[in-house]
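The next block holds one structure in the form of structure tokens; read it before the comments.
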There are 2 protein chains.
Amino acid sequence: MDVDHHRSRHHRSASSLTMVAHLFGILATILMLVWLLHYREGLDLDSDDARRVFNVHPFLMFFGFIFMAGEAMMAYKTVRADWQVRKFVHLFFHLVAMVLGIVGLHAAFKYHNQVGLTNMFSLHSWIGIGTFTLFCAQWLGGLAVFLPRGSSESKARIAPWHVNGGRALLLMAICTALTGLMEKATSMKLQHDNEAHLINILGLCILLFGISVDFSVSLARYA
Amino acid sequence: MDVDHHRSRHHRSASSLTMVAHLFGILATILMLVWLLHYREGLDLDSDDARRVFNVHPFLMFFGFIFMAGEAMMAYKTVRADWQVRKFVHLFFHLVAMVLGIVGLHAAFKYHNQVGLTNMFSLHSWIGIGTFTLFCAQWLGGLAVFLPRGSSESKARIAPWHVNGGRALLLMAICTALTGLMEKATSMKLQHDNEAHLINILGLCILLFGISVDFSVSLARYA
């Protein structure tokens, strides 16, 4: 009885946290667009202005990759639907995240080549490529193990690794986003103006999105 | 039988992961010292050379704060000892982390004041202060709720929040460390030399320490 009481309370908490996660994700997307459209040069993957090409990178890596993947994690754990439906939504959102992530990565490389910068020298790029590669491996592994219907020995053995691996990848993706914002703000020597504060608040929203996704998925496990 | 089989397997995995976490933590500490002693100016909190004062900050924030706190998390979950002993070790290591963290924060402020830089403008500083404040709140809350012997309604209600809050704080601390390294490397305009690579590898080791602590604590829950 007491245990049931706690469980339903944690379940309600997990639902509220999912709402909080949606809100921080949407807020971060809006702040990102304000930054790129108002303070920067706008977004255009095919532009001759290399800066407009670059700006596609932070937008797609957050909205396309991190936000979609976070929603995919929460969809599996917190939506009230048939297990097969949740599994398909989880898989499909992650596929969208992967495709948009590839376009976002392409934008960064295209920008570097346009302005003659070396690729892959910074901590941001090292963690980012590592995260994306492991993400693709996790997606393919998940497909191979969990797509077949029915229960199996291998599903039960791999599930905790899949769950914790996904959470670790979210942590890595958030770290990558924040090091990217940090690199950009430092190299632009922003300090006390509105743009600097906007970037800091954007970074906090991305961090809080990650934490609320993590909380809502973890607490749903208690439900 | 099958479930027991999985549990003991996860328990063994959690122990191996704890070893991996120790290794990455020690490796990161060594790389940090190589960086600060060989490539930078060394460490001295009382120096007239502001750079030597600054260098105390990254060392204590990783070795003193993050490493100690990570060890405290793993000590509670993975050491085979009486519950009261594990609880005390957990509490005490976190106290050490808090004290060394305060000295490490002091070093950053002292450096800024010595060279006339503004405090608290970067994303790194915002996340860092947020993390440290919440860490202190979590420690005091944990003390109030979990120090009294015996089981209670409030302990059961708060435990999942304490556990997930601690994991979120670890995520935040790792993000803070990596943004700090990113800020330093970008402002020094390091790109292709040995120091740049050393900092990147240091950042990766700190990230892998965080992930392996998180995995070892999470998988131990299945054990």
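Going from atom CZ of A/Arg167 over to atom OG of B/Ser218 covers 4.0 Å, rounded to the nearest 0.5 Å. Between atom CD1 of residue A/Ile211 and atom CG of residue B/Leu134 there is a gap of 8.5 Å, rounded to the nearest 0.5 Å. Summarising the geometry, atom OG1 belonging to B/Thr186 is positioned 10.0 Å from atom NE2 belonging to A/His124; distances are rounded to the nearest 0.5 Å. Between atom OG1 of residue B/Thr176 and atom CG of residue A/Leu207 there is a gap of 7.5 Å, rounded to the nearest 0.5 Å. Here OG1 of A/Thr179 is found 10.0 Å from CG of B/Leu181. Values are rounded to the nearest 0.5 Å. Rounding to the nearest 0.5 angstrom, the gap separating the CH2 atom in A/Trp126 from the CD1 atom in B/Ile199 is 11.0 Å.
Chain B is approached within less than 4.5 Å, heavy atom to heavy atom, by A/Thr118, A/Phe121, A/Ser122, A/Leu123 from residues 112-123 of chain A, ordered by number.
When heavy atoms are compared at a cutoff of 4.5 Å, A/Ile206 does not approach chain B at all.
At most 12 non-hydrogen atoms from other residues, nucleotides or ligands lie less than 6.0 angstrom from CZ of B/Phe93. Open room surrounds CE on A/Met19; 12 or fewer heavy atoms of other groups in view lie less than 6.0 Å from it.
Every residue two or more places apart in sequence or in another chain that forms a side chain to side chain donor-acceptor pair (under 3.5 Å) with A/Ser154 is listed here: A/Ser152. Among residues two or more places apart in sequence or in another chain, the ring-ring contact (aromatic ring centres under 6.0 Å, His included) test is passed with A/His90 by A/Tyr76, A/His94. Residues passing the side chain to side chain contact (heavy atoms under 4.5 Å, CB included) test with B/Ala97, sequence neighbours excluded: B/Phe65, B/Met68, B/Ala69, B/Phe135.
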Check step by step if side-chain contact (heavy atoms from CB on, under 4.5 Å) holds for A/Leu178 and B/Leu178. CA-CA 8 Å; A/Leu178 298 194; B/Leu178 298 194; over 6 Å; no
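Among all heavy-atom pairs drawn from A/Phe215 and B/Ala168, the shortest one is CE1-CB, 3.6 Å.
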